[in-house]
Asks: 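The structure is given below, and queries will be raised subsequently.
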There are 4 protein chains.
Amino acid sequence: MPARAGQTTRKTRIQSANRERIMAAALEVFSRDGFRGATVDRIAETAGMSKPNLLYYFKGKTDVYHAVLDDQLDAWLDPLRTLDPDGDPIDELRNYLLRKLEMARDYPRESRLFANEIIRGAPILGDELAGPLKALVDEKAQVIREWIRVGRLAPHDPHHLIFAIWATTQHYADFDTQVRAVLGRDGEDRFVVAARFLEGLFFNGLRPR
Amino acid sequence: MPARAGQTTRKTRIQSANRERIMAAALEVFSRDGFRGATVDRIAETAGMSKPNLLYYFKGKTDVYHAVLDDQLDAWLDPLRTLDPDGDPIDELRNYLLRKLEMARDYPRESRLFANEIIRGAPILGDELAGPLKALVDEKAQVIREWIRVGRLAPHDPHHLIFAIWATTQHYADFDTQVRAVLGRDGEDRFVVAARFLEGLFFNGLRPR
Amino acid sequence: MPARAGQTTRKTRIQSANRERIMAAALEVFSRDGFRGATVDRIAETAGMSKPNLLYYFKGKTDVYHAVLDDQLDAWLDPLRTLDPDGDPIDELRNYLLRKLEMARDYPRESRLFANEIIRGAPILGDELAGPLKALVDEKAQVIREWIRVGRLAPHDPHHLIFAIWATTQHYADFDTQVRAVLGRDGEDRFVVAARFLEGLFFNGLRPR
Amino acid sequence: MPARAGQTTRKTRIQSANRERIMAAALEVFSRDGFRGATVDRIAETAGMSKPNLLYYFKGKTDVYHAVLDDQLDAWLDPLRTLDPDGDPIDELRNYLLRKLEMARDYPRESRLFANEIIRGAPILGDELAGPLKALVDEKAQVIREWIRVGRLAPHDPHHLIFAIWATTQHYADFDTQVRAVLGRDGEDRFVVAARFLEGLFFNGLRPR
DNA sequence: TATGAATGAGAATTCATTCAT
DNA sequence: GATGAATGAATTCTCATTCAT
């Protein structure tokens with residue numbers, strides 16, 4: 001292997017390793033403090049590097065923020081993409097619901113990152129929402145609509161159904177502080193109860209059958 | 001009545017009028033920009049007064065923030081308080097749900113104010129959540145539990161039911177940007193559809209009956 | 001006199017006094033170090049105030065720079081404006097030349113300020129040059145052209161004549177360091193000699209008559 | 001020739017080639033942005049090499065600046081050196097004047113480089129001005145003085161005559177922005193008109209003969 | 001020689017808060 | 001009560017220079 005290739009590889013490794021360290025730190029800080037609340041200093045410190053060195057890898061605070069959002073968006077929307085038109089409607093939606101809940105449990109920072117961004121009015125992600133996200137949701141709404149048409153699902157507005165799944169699951173990440181405060185320290189794991197509850201709510205509703 | 005008393009009264013009136021102007025402005029600014037993003041300058045400007053004058057009425061930015069949160073909290077929790085143990089369970093919960101949705105429509109700033117606070121980890125409201133809020137929710141959970149016990153409601157975890165109502169309704173305030181982006185400009189008023197959808201979801205569930 | 005008026009007056013006085021202090025300091029610093037070389041810190045220090053206080057009066061470094069340029073431009077062009085079409089051509093031009101030389105002697109900072117700006121490509125003053133300045137020069141060029149037409153002045157391009165007057169006089173301000181270095185410490189006051197020389201050069205030329 | 005020697009030779013060639021590339025880039029950047037406004041990054045980029053590599057050839061920004069000034073100074077003063085005591089005074093001065101004007105046209109960056117340096121107070125070139133430059137000017141002033149003494153030139157201060165030639169010619173490089181703005185887009189080439197004008201001014205003066 | 005990586009010292013600007021009247 | 005003036009503590013970002021290879 002020629003020296004050049006070796007050099008290039010090592011450089012690239014440091015580059016990507018450092019970019020990843022920064023983005024991990026940025027996820028941590030942005031999700032906790034929001035865009036305005038976050039400081040480059042804190043991100044650099046969290047990433048274990050000097051501020052100017054961080055700015056060697058990213059043009060500025062906004063650039064880092066942008067990169068983190070972009071980096072996470074795909075993974076964040078992945079569960080919805082897997083909703084299979086050919087699967088069993090109840091199974092598909094249950095899986096989606098539970099997978100979203102798992103993500104709220106396992107990736108609360110990502111959830112809060114997006115929550116912060118959207119509450120702010122999505123200054124960065126605005127186009128992404130109106131473009132790719134809307135397209136994806138519209139597509140899946142059509143799937144749900146078809147399921148309803150063939151009588152395999154009770155008739156409900158499909159867009160708002162998706163909103164409801166987002167809202168109820170991400171609530172356990174975004175509003176975790178409140179959930180914990182209200183539930184107190186005792187009792188079963190909140191995510192286990194939440195899973196059971198949401199399944200019951202979504203598929204059977206509150207009215208006794 | 002002596003002049004002194006009159007003066008005092010007038011001062012008090014100006015005092016409370018100005019405090020209200022400030023808090024209205026602060027609600028506007030804090031809900032839009034978050035705590036860190038908000039500036040005292042902006043609040044003062046929105047309130048139509050000078051910054052030092054604002055700080056004559058409140059000790060500092062945090063103090064204003066505190067006051068606004070406190071001021072709104074009662075009104076914010078009011079709907080839950082009206083949940084009547086002696087009413088019809090379905091009616092009571094429907095009313096609660098719809099009232100919360102109306103509040104998301106009519107008072108989105110309050111919703112975002114609390115959303116921002118809680119996502120940040122409720123640095124100010126922490127005690128309020130673990131104290132009065134938990135007490136209120138526990139009390140109403142007991143009411144729901146009783147309704148379930150007597151078979152007038154399908155068995156679901158009452159705390160998580162309340163979370164679900166909060167999550168699904170406040171979603172239309174906090175994540176309004178995303179909701180609008182996904183729904184696009186056409187179609188029926190989103191709150192009308194949301195009301196119909198949530199009623200259907202909560203009481204009947206997705207499974208065809 | 002009502003209290004209001006008194007207050008307003010005092011405020012205005014501090015305001016304008018401080019703005020003047022800042023602009024005097026800025027003239028000093030910008031003319032010495034150029035726009036890039038100047039620092040707000042230095043200007044503030046020279047003005048005897050804190051940096052944030054300076055920024056209370058001006059939006060930023062560029063704003064101060066702008067203000068100083070605007071402030072000086074009028075005075076700087078004043079001599080040219082006084083060129084009187086009805087006066088004696090030789091007298092008028094001699095007066096203009098000598099007045100410009102006096103300004104180079106008495107206001108070298110202003111001269112260098114503009115020199116710096118124009119060498120940089122006149123990023124701020126560009127429009128001013130192509131607009132008002134060009135108009136003024138064109139007008140006076142017409143006057144000179146008329147003097148030539150009636151035979152009271154040897155035929156020379158009037159625009160370039162004005163350039164030559166600018167160049168030769170401002171040279172003693174802008175390139176003072178070089179002038180002093182070349183002339184050394186001894187000898188007659190350089191401005192006295194310059195005045196005599198320029199008068200001789202401009203009106204008689206080098207060729208023996 | 002041994003391999004070692006060949007290598008050394010090649011290195012030296014690369015060395016001097018790179019030093020020249022750097023200095024060419026530095027001339028470009030320093031003349032445009034001034035010393036403070038110029039960045040090593042920009043010079044390196046313009047030279048097509050990395051910043052650390054540039055700093056391998058020069059100790060620092062100041063060192064590059066120094067080198068460029070030194071490099072250009074000789075060429076810059078060359079026209080004055082050619083002023084021939086034995087030539088025809090009018091011809092000699094005309095040639096000098098026109099050659100300086102050509103240099104302003106063809107090497108405006110060099111002119112601006114020195115202009116910037118001298119306006120700043122010649123922090124680097126100071127000694128050069130008071131030493132070699134003064135000596136050269138004094139020598140040529142003596143030549144001019146002799147021409148005057150024998151009546152072949154009208155009596156004018158020789159130092160200031162040289163200043164006037166510098167000022168009027170370099171004006172077209174240093175203040176090019178202003179010259180263009182005032183002259184507008186139309187009309188004859190400004191250097192052609194300037195040459196004709198300066199010749200007329202310097203040798204005949206403004207007063208009709 | 002050459003360069004990717006790293007950093008300390010600024011520099012501009014913002015902002016909560018205080019001072020003085 | 002009200003406000004113009006003032007400031008210290010950040011905070012973002014730039015840049016000359018050094019390090020390590």
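Letters go in sequence order (proteins before strands), and every chain restarts at 1. Predicted, not measured: the structure shown is a model, and the values here were computed from it.
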Asks: Among E:dA5, E:dT3, F:dA5, find the nucleotide with the atom closest to the side chain of A:Tyr56.
Replies: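 The nucleotide sitting nearest to the side chain is E:dA5.
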Asks: Is the phosphate of E:dG4 approached by A:Gln15 (side-chain N or O, under 4.0 Å from OP1 or OP2)?
Replies: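 Checking A:Gln15 against E:dG4: no side-chain N or O falls below 4.0 Å of OP1 or OP2.
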Asks: Compare the minimum distances between each of E:dA16, E:dA5, E:dT1 and the side chain of B:Lys51, then state the nucleotide with the smallest one.
Replies: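 Between E:dA16, E:dA5, E:dT1, the one nearest the side chain of B:Lys51 would be E:dA16.
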Asks: At under 4.0 Å, does any side-chain N or O of A:Tyr57 touch on OP1 or OP2 of E:dG4?
Replies: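 No, because none of the side-chain N or O atoms of A:Tyr57 sits under 4.0 Å from OP1 or OP2 of E:dG4.
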Asks: Does the side chain of C:Asn18 get closer than 4.0 angstrom to OP1 or OP2 of F:dA6 through an N or O atom?
Replies: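 Affirmative; the distance criterion is met.
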Asks: Would a distance-only check, ignoring hydrogens and angles, find a side-chain to backbone donor-acceptor pair under 3.5 Å from D:Arg112 to D:Ser31?
Replies: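 Not a single qualifying donor-acceptor pair exists.
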Asks: Please tell me which of the listed nucleotides, E:dT7, F:dT12, F:dG1, lies nearest to the side chain of A:Thr39?
Replies: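 Among the listed nucleotides, the one closest to the side chain of A:Thr39 is F:dT12.
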Asks: Taking all atoms of both residues into account, what is the closest heavy-atom pair of A:Asn116 and A:Phe30, and its distance?
Replies: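 Reported closest heavy-atom pair: ND2-O, 3.8 Å.
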Asks: Is the backbone N or O of B:Leu69 less than 3.5 Å from a side-chain atom of B:Glu117, with the two atoms forming a donor-acceptor pair by type?
Replies: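 No; zero donor-acceptor contacts below 3.5 Å.
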Asks: Which is true for B:Arg36 with a 4.0 Å heavy-atom rule: it touches a base, it touches only sugar-phosphate, or it touches nothing?
Replies: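 Sugar-phosphate contact only - B:Arg36 comes under 4.0 Å of backbone atoms but never of a base.
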Asks: Tell which nucleotide pairs with F:dA20, taking only Watson-Crick or G-U wobble pairs whose two distances are both under 3.5 angstrom.
Replies: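 F:dA20 is paired with E:dT3.
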Asks: What is the distance, rounded to the nearest whole Å, between atom NZ of C:Lys61 and atom P of F:dT12?
Replies: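 Roughly 21 Å, once rounded to whole Å.
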Asks: With sugar-phosphate meaning primed atoms plus P, OP1 and OP2, does A:Ala44 contact a base, only sugar-phosphate, or nothing at under 4.0 Å between heavy atoms?
Replies: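 If one applies the 4.0 Å heavy-atom cut-off, A:Ala44 turns out to touch nothing in the nucleic acid.
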Asks: Working to the nearest 0.5 Å, report the span between OH of C:Tyr57 and CG of C:Asn18.
Replies: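 It is 4.0 Å, given to the nearest 0.5 Å.
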Asks: Can you check the A:Asp63 CG to F:dT12 C1' distance for me, whole Å?
Replies: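 Interatomic distance, CG of A:Asp63 to C1' of F:dT12: 14 Å.
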Asks: Give a yes/no on whether any side-chain N or O of A:Asn53 is located under 4.0 angstrom from OP1 or OP2 of E:dA5.
Replies: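 Indeed not, no polar side-chain atom of A:Asn53 lies that close.
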Asks: Are the side chain of C:Arg109 and the backbone N or O of C:Glu28 linked by a donor-acceptor pair below 3.5 Å?
Replies: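 No: the side chain of C:Arg109 does not pair with the backbone of C:Glu28.
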Asks: More 5' along DNA chain E: A:Leu54 or D:Leu54, using each one's nearest nucleotide?
Replies: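 That would be D:Leu54.
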Asks: Whole-Å distance between E:dT17 P and B:Ile43 CD1?
Replies: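 That distance rounds to 10 Å.
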Asks: Take atom CG of A:Asp33 and atom P of F:dA10, then tell me their distance rounded to the nearest Å.
Replies: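 These atoms are roughly 16 Å apart.
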Asks: Check the distance between E:dT13's C1' and C:Tyr65's OH and give it to me in whole angstrom.
Replies: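 Result: 20 Å.
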Asks: With respect to the side chain of C:Pro52, which nucleotide from F:dT3, F:dA5, E:dC15 is positioned closest?
Replies: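 Nucleotide nearest to C:Pro52's side chain: E:dC15.
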Asks: Could you tell me the separation between the CZ atom of C:Phe58 and the C1' atom of F:dA6, rounded to a whole number of Å?
Replies: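 Rounding to the nearest Å, CZ of C:Phe58 and C1' of F:dA6 are 16 Å apart.
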Asks: Where do D:Asp33 and D:Ala38 come nearest, in terms of heavy atoms and distance?
Replies: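 Where D:Asp33 meets D:Ala38 most closely, the heavy atoms are CB-N, 3.7 Å.
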Asks: What is the distance, rounded to the nearest whole Å, between atom CZ of C:Arg13 and atom C1' of F:dA5?
Replies: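 Atom-to-atom, C:Arg13 to F:dA5, this comes out as 17 Å.
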Asks: Please classify the nucleic acid contact of C:Ala17 as base, sugar-phosphate, or nothing, using heavy-atom distances under 4.0 Å.
Replies: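 No contact at all - C:Ala17 keeps every heavy atom at 4.0 Å or more from the nucleic acid.
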Asks: Can you tell me how far C1' of F:dC13 sits from CZ of A:Arg42, to the nearest Å?
Replies: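 Roughly 20 Å, once rounded to whole Å.
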Asks: Measure from the side-chain heavy atoms of A:Ser50 and tell me the nearest of E:dT17, F:dA5, E:dA6.
Replies: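 My answer, after comparing the listed nucleotides, is E:dA6.
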Asks: Between C:Met49 and B:Met49, who's closer to the 5' end of DNA chain F by nearest nucleotide?
Replies: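 Result of the comparison: B:Met49.
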